[in-house]
Asker: 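Dumping the structure here so I can ask a few things about it.
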Amino acid sequence: MRTHEIGVVSCSGECYVEGTISRIATRFVLEKLRPNNAVTICLPLFSIGEEGERMFAKNFPTIAVEGCKKRCAGHAVEKFSGKTARSLVVPDLLKKWNVKNPGSRRELNEEGKKAASKVAEEIVAAIDEILCNSR
Amino acid sequence: MKKGKTDTICLSLLVTGDEEVKLSVKSHRCIAVDGCPNECAKKSLELSNAKLVANFRVVDVLRENRKLKPKEVTFLDEDGRKLARILAEKIALKVDESNTKGAVS
């Protein structure tokens with residue numbers, strides 16, 4: 001089966017700057033990098049029981065973008081819809097890339113914006129791999 | 001505006017049932033701020049039996065300020081920042097009112 005759409009489920013948390021990076025990276029993917037392949041699923045709406053969001057996640061591959069180690073996005077998808085196709089944990093990526101000061105939760109600085117772009121590239125790589133494997 | 005007097009909780013943790021967060025919203029006064037009419041924040045607080053003292057919806061702030069037309073989603077533009085400031089002032093006012101009245105259960 002050829003997959004045309006992939007759901008990106010981003011952290012919606014406000015507790016850490018990694019949550020902000022998760023959301024901005026997801027927006028980069030949806031707006032600029034893969035607008036024809038990816039849609040986003042609103043994590044709070046999904047979690048409180050919106051059927052459309054849950055059906056989508058049941059029927060299409062999903063990528064969880066996690067802002068902290070609690071991994072709410074992946075846990076919610078797996079609880080209500082099924083296994084995620086990929087999981088990206090932003091704090092692990094920032095550590096790997098040695099990002100020290102990405103800015104505040106409210107506003108990313110230049111380092112934070114660059115980190116968000118790199119996270120977006122990781123999401124795109126995951127999307128392309130899923131699409132390639134589904135052909 | 002209210003640094004040291006307020007804190008934010010992670011809605012994702014609340015909706016996924018984190019016990020620590022559920023306890024926190026039961027023991028502190030809460031203000032829900034919802035980005036869309038589905039009101040996930042308010043509904044999740046109600047479902048958790050939180051001490052909800054007020055709720056705001058961004059769509060209402062938009063209606064009250066029709067001259068402001070934010071267009072950008074990823075990074076707020078000038079009008080988006082103005083709206084955020086207006087909403088922040090409303091929330092801060094509610095924090096002060098709530099502190100004056102004391103805990104509302």
Side-chain angles (χ1 to χ4, degrees), chain A residues 9-33 35 40-53 64-80 103-110 112-113 116-117 120, chain B residues 1-3 6-22 24-25 28 30-50 52 55-59 70-78 80-85 87-89 91-92:
Chain A
V9 192
S10 170
C11 164
S12 63
E14 294 293 334
C15 292
Y16 303 106
V17 66
E18 288 89 342
T20 309
I21 291 174
S22 303
R23 287 190 293 283
I24 288 175
T26 300
R27 295 299 319 171
F28 282 158
V29 172
L30 300 180
E31 287 173 5
K32 293 176 184 168
L33 301 174
T40 191
I41 293 169
C42 175
L43 180 55
L45 192 58
F46 176 88
S47 300
I48 67 167
E50 211 281 327
E51 273 307 310
E53 307 278 274
V65 186
E66 311 283 7
C68 79
K69 302 271 185 190
K70 293 205 171 180
R71 303 172 77 148
C72 296
H75 286 153
V77 172
E78 288 178 12
K79 184 174 175 185
F80 298 115
S104 70
R105 288 176 286 176
R106 190 163 64 88
E107 197 153 32
L108 299 182
N109 60 21
E110 279 311 307
K113 286 177 187 172
S117 292
Chain B
M1 284 182 181
K2 297 293 167 194
K3 201 172 180 180
T6 54
D7 198 3
T8 184
I9 63 142
C10 176
L11 181 57
S12 310
L13 279 177
L14 182 64
V15 296
T16 51
D18 183 272
E19 285 303 322
E20 195 182 327
V21 170
K22 281 166 75 177
S24 179
V25 299
H28 296 87
C30 300
I31 296 173
V33 183
D34 279 296
C36 84
N38 285 306
E39 299 188 309
C40 292
K42 182 187 170 202
K43 285 176 188 166
S44 301
L45 286 167
E46 287 172 343
L47 284 170
S48 301
N49 296 316
L52 185 64
N55 68 291
F56 293 100
R57 303 190 321 167
V58 174
V59 286
K71 292 184 178 69
E72 299 298 322
V73 178
T74 308
F75 297 108
L76 292 182
D77 53 22
E78 189 59 32
R81 285 174 184 273
K82 284 180 185 167
L83 276 167
R85 181 88 195 174
L87 178 55
E89 284 166 0
I91 298 166

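Naming: A, B, ... by sequence-line order, numbering from 1 per chain. Below, each value reflects all heavy atoms present in this structure, side chains not excepted, and no hydrogens, waters or symmetry copies.
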Asker: In terms of heavy-atom pairs under 4.5 Å, which option from A:Arg23, A:Lys113, A:His75 contacts chain B the most?
Answerer: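 Heavy-atom pairs under 4.5 Å are most numerous for A:Lys113.
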Asker: What parts of residues 14-21 of chain B touch chain A if we use heavy atoms and a cut-off under 4.5 Å?
Answerer: B:Val15, B:Thr16, B:Asp18, B:Glu20
Asker: Considering residues at least two apart in sequence or located in another chain, which fulfil the salt bridge (Lys or Arg N to Asp or Glu O under 4.0 Å) criterion with B:Glu78?
Answerer: none
Asker: Can you tell whether the side chains of A:Glu107 and B:Arg81 come within less than 4.0 Å, N to carboxylate O?
Answerer: yes
Asker: Anything in residues 66-74 of chain A with a heavy-atom distance to chain B below 4.5 Å? Please list those residues in order.
Answerer: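 Residues A:Lys70, A:Cys72 are the ones that qualify, each having a heavy atom under 4.5 Å from chain B.
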Asker: Select all residues of residues 31-43 of chain B having any heavy atom within less than 4.5 Å of some heavy atom of chain A, and report them by number, or 'none'.
Answerer: B:Asn38, B:Cys40, B:Lys43
Asker: Need one label for A:Arg105: side chain, backbone, both or neither, based on atoms under 4.5 Å from any heavy atom in chain B.
Answerer: side chain
Asker: Looking at A:Tyr16, I'd like to know if its OH atom is crowded, meaning that more than 12 non-hydrogen atoms belonging to other residues, nucleotides or ligands lie closer than 6.0 Å.
Answerer: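 Not buried by this count: 12 neighbours or fewer within 6.0 Å.
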Asker: Tell me the closest heavy-atom pair linking A:Ser12 and B:Ser12, and the distance in Å.
Answerer: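 Smallest heavy-atom distance, with atoms named: OG-OG, 2.6 Å.
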Asker: In terms of heavy-atom pairs under 4.5 Å, which option from A:Leu108, A:Leu30, A:Leu45, A:Leu43 contacts chain B the most?
Answerer: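 That would be A:Leu45.
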